[in-house]
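We use all heavy atoms of the structure for the numbers below, so side chains are in, but hydrogens, waters and symmetry mates are not. For this chain, numbers begin at 1 and follow the sequence in order.
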Amino acid sequence: MDFGKYKATLTIKDNGRGFLLPERVGDLAALGKLGLTGMQERAQLIGGRLSIQSKPEVGTMVTVAVPNSGNLEDNEV
């Protein structure tokens, strides 16, 4: 995880089965990738961006970048 001045970025990757990506991320739901579709929708709702890279038999890498609106106060945890 990387916290920059203007955005926070989180990358998660695995070396699992992977899959062929559709041309549009919006088409993930048609492939049954509802979790990834939900992640994309949530990122967009807060002004962020989701990036997915995947190859069959290699694995998948998901990166989400969201705006950084500052640090939480101690009492907001």
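Two different hydrophobic clusters hold Val58 and Leu20 under the rule that ILVMFWY side chains link at heavy-atom gaps under 4.5 Å. Residues Leu34 and Val62 do not share a hydrophobic cluster, clusters being chains of Ile/Leu/Val/Met/Phe/Trp/Tyr side chains in contact below 4.5 Å. Val64 is not connected to Leu45 by any chain of hydrophobic side-chain contacts under 4.5 Å among Ile, Leu, Val, Met, Phe, Trp and Tyr, and they are in different clusters. Note: the hydrophobic cluster containing Met61 does not contain Leu50 (ILVMFWY, side chain heavy atoms under 4.5 Å, direct or indirect links).
Rounded to the nearest 0.5 Å, atoms CD1 (Ile12) and CE (Met39) are 6.0 Å apart.
Counting only residues at least two apart or on different chains, the side-chain hydrogen bond (donor to acceptor under 3.5 Å, both in side chains) pairs with a member in residues 39-59 are Ser54-Thr60. Screening residues 12-31 for side-chain hydrogen bond (donor to acceptor under 3.5 Å, both in side chains) gives Arg24-Asp27 as the qualifying pairs, with residues at least two apart or on separate chains.
Thr9 meets the side-chain hydrogen bond (donor to acceptor under 3.5 Å, both in side chains) test with no other residue; sequence neighbours excluded. With sequence neighbours excluded, the residues forming a side-chain contact (heavy atoms from CB on, under 4.5 Å) with Phe3 are Met1, Ala8, listed by chain and number.
With a 4.5 Å cut-off on side-chain heavy atoms, Leu36 and Leu31 do not count as touching.
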